[in-house]
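Please read the structure below before turning to the comments.
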Amino acid sequence: MTTGQLARLLGVSPTTLRSWDRRYGLGPAVRVDGRHRRWSPDDVAMMRKMCRLTATGVSPAEAARLAQRHARPADTARAPGGGTPLAAHEAEAEAVARHAQAGSGLPLGRVRLECRGLARAAVRMDGLEVQQRLREAVAVHGPALAWEEVMAPALRAVGRKWRSSGERYVEIEHLLSWHISATLRHRYVESAAAHGDRRALALPLVLACPAGEYHTLSFEALAAVLADDGLTVLTLGGAVPPDALMSTVRRVAPAAVALWSQTRPTADLRLARRVAAARWGVRGARSSSPVLLCGPGWRSPTDGSADLRQAKSLREAVRVLTELQRRSAPVR
């Protein structure tokens, strides 16, 4: 395999591969005619190991050392206690990853190691590694913590970076956003299917963004957390027209309606009050759906209505919506 082919396979630039060879001796074992670089299957496996370790936060120098030892285990001594060299290397790599503080080129600050590894993979434009990091974070920590401490900090760092660098990093934000959305939606679908029997008996929670609001990732995280907890969720997504939202409320009789607004121009308080005032059900036994305002775009409601609430965080939104669904009638 040529250097260009390997770079495309790994999602890194040829310059990065040449730099790793020059700095750490991480090059092909054999060169054709002594000059042309050709990467064998063992070389490719070594470079995959290098990319995986750096994506978890291991410094490039330490990752190169471990990748080389992984590629040539026969050249190393057996581990104490009779373990194989490869097992010892994996344990060492795991220990290094727990303590590594290698940067990603993004203004991350103090974050979880998983967030740092996710950011490094995103900067390299390694979509497969980004998706793997996201799946692992959700599987290990659940969607709430994965969103708050892994996904959201990485997104904020990328956003700060491209705003301060003439939009040079906008493609990284798009890549990261797409994979985060895919991960959250997949978790929602899996959880909803797993709790199908319980969901059939509950009034749904309707999640929607007002017209003009297209920032949906936070709401997708909320939907994934609620579905993970076994709640019935009906998600309409971004930029829902007012009449469509009102029609939905009257048709499905939700236990509550959550409206997400990222910015003040899309925080339509008149729409929120209209939804809260809507009545559904048979004549003589009509009811209404409480409305929960979510996101930084909303100002505090001023009418004091018991049917209009506000959540300042993901955890608070989950708590309030869980309470509202459990208080609703068990069947329609």
Side-chain angles (χ1 to χ4, degrees), residues 131 134-135 137-152 154-155 176-241 244-245 247-249 251-263 266-267 271-272 275 289-298 309-328:
Q131 192 62 48
L134 291 169
R135 283 199 302 265
V138 171
V140 172
H141 301 297
L145 192 147
W147 167 254
E148 293 175 330
E149 300 190 17
V150 179
M151 302 176 187
L155 278 170
L176 194 55
S177 296
W178 191 91
H179 281 284
I180 288 175
S181 178
T183 301
L184 293 172
R185 292 187 185 202
H186 182 69
R187 181 64 171 224
Y188 166 82
V189 171
E190 281 190 330
S191 298
H195 296 291
D197 293 340
R198 292 171 56 187
R199 295 174 69 252
L201 300 176
L203 294 171
L205 299 167
V206 171
L207 277 57
C209 295
E213 182 58 75
Y214 295 94
H215 296 85
T216 62
L217 285 181
S218 296
F219 233 31
E220 290 170 16
L222 175 60
V225 175
L226 293 171
D228 212 50
D229 290 344
L231 276 68
T232 306
V233 182
L234 179 62
T235 305
L236 301 184
V240 180
L245 178 60
S247 175
T248 300
V249 171
R251 288 175 62 187
V252 306
V257 177
L259 296 177
W260 172 269
S261 182
Q262 182 74 19
T263 60
T266 64
L271 173 64
V275 173
S289 303
V291 174
L292 183 66
L293 307 180
C294 306
W298 297 99
R309 307 186 188 185
Q310 188 171 16
K312 300 291 188 180
S313 67
L314 173 68
R315 305 280 179 164
E316 184 180 1
V318 170
R319 179 183 60 78
V320 172
L321 291 172
T322 300
E323 175 189 346
L324 290 172
Q325 185 166 84
R326 288 175 178 169
R327 282 168 42 189
S328 65

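Side chains are part of it too, since the values below use all heavy atoms of this structure and drop only hydrogens, waters and symmetry mates.
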For the residue pair [X] and [Y], what are the closest heavy atoms and their distance?
X: Leu217; Y: Leu184; result: O-CD1, 3.8 Å
X: Ser177; Y: Leu155; result: OG-CD2, 3.5 Å
X: Val291; Y: Ala272; result: CG2-O, 3.8 Å
X: Leu271; Y: Pro210; result: CD2-CB, 4.3 Å
X: Val233; Y: Leu207; result: CG1-CD1, 3.9 Å
X: Thr183; Y: Arg135; result: CG2-N, 4.4 Å

Checking the side chain of [X] only, and the main-chain atoms of [Y] only, is there a donor and an acceptor separated by less than 3.5 Å?
X: Gln325; Y: Thr232; answer: yes
X: Trp260; Y: Glu213; answer: no
X: Thr216; Y: Phe219; answer: no
X: Gln310; Y: Lys312; answer: no
X: Ser289; Y: Pro254; answer: yes
X: Ser261; Y: Gly297; answer: no

* Only one of Leu222, Leu314, Val138, Val225 forms a side-chain contact (heavy atoms from CB on, under 4.5 Å) with Trp147, so which one is it? ->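 With Trp147 as partner, side-chain contact (heavy atoms from CB on, under 4.5 Å) holds for just one option, Leu314.
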* Using the side chain to side chain contact (heavy atoms under 4.5 Å, CB included) rule, take Leu245 and Leu236 through it: C-alpha gap first, then chi angles, then the decisive distance, then the call. => CA-CA 8 Å; Leu245 178 60; Leu236 301 184; 4.1 Å; yes
Which value, rounded to the nearest 0.5 Å, describes the distance between [X] atom [atom1] and [Y] atom [atom2]?
X: Glu220; Y: Met151; atom1: CD; atom2: CE; answer: 10.5 Å
X: Gln262; Y: Cys209; atom1: CD; atom2: SG; answer: 9.5 Å
X: Leu203; Y: Leu324; atom1: CG; atom2: CG; answer: 11.0 Å
X: Arg251; Y: Leu234; atom1: CZ; atom2: CG; answer: 9.5 Å

Any side-chain heavy-atom pair of [X] and [Y] under 4.5 Å:
X: His215; Y: Thr266; answer: no
X: Leu231; Y: Thr322; answer: yes
X: Leu292; Y: Leu205; answer: no

* To do: Using the side-chain hydrogen bond (donor to acceptor under 3.5 Å, both in side chains) rule, take Arg185 and Ser181 through it: C-alpha gap first, then chi angles, then the decisive distance, then the call.
  => CA-CA 6 Å; Arg185 292 187 185 202; Ser181 178; 3.3 Å; yes
* Would you indicate whether His141, at its atom NE2, is surrounded by more than 12 heavy atoms from other residues, nucleotides or ligands within a distance under 6.0 Å? => yes
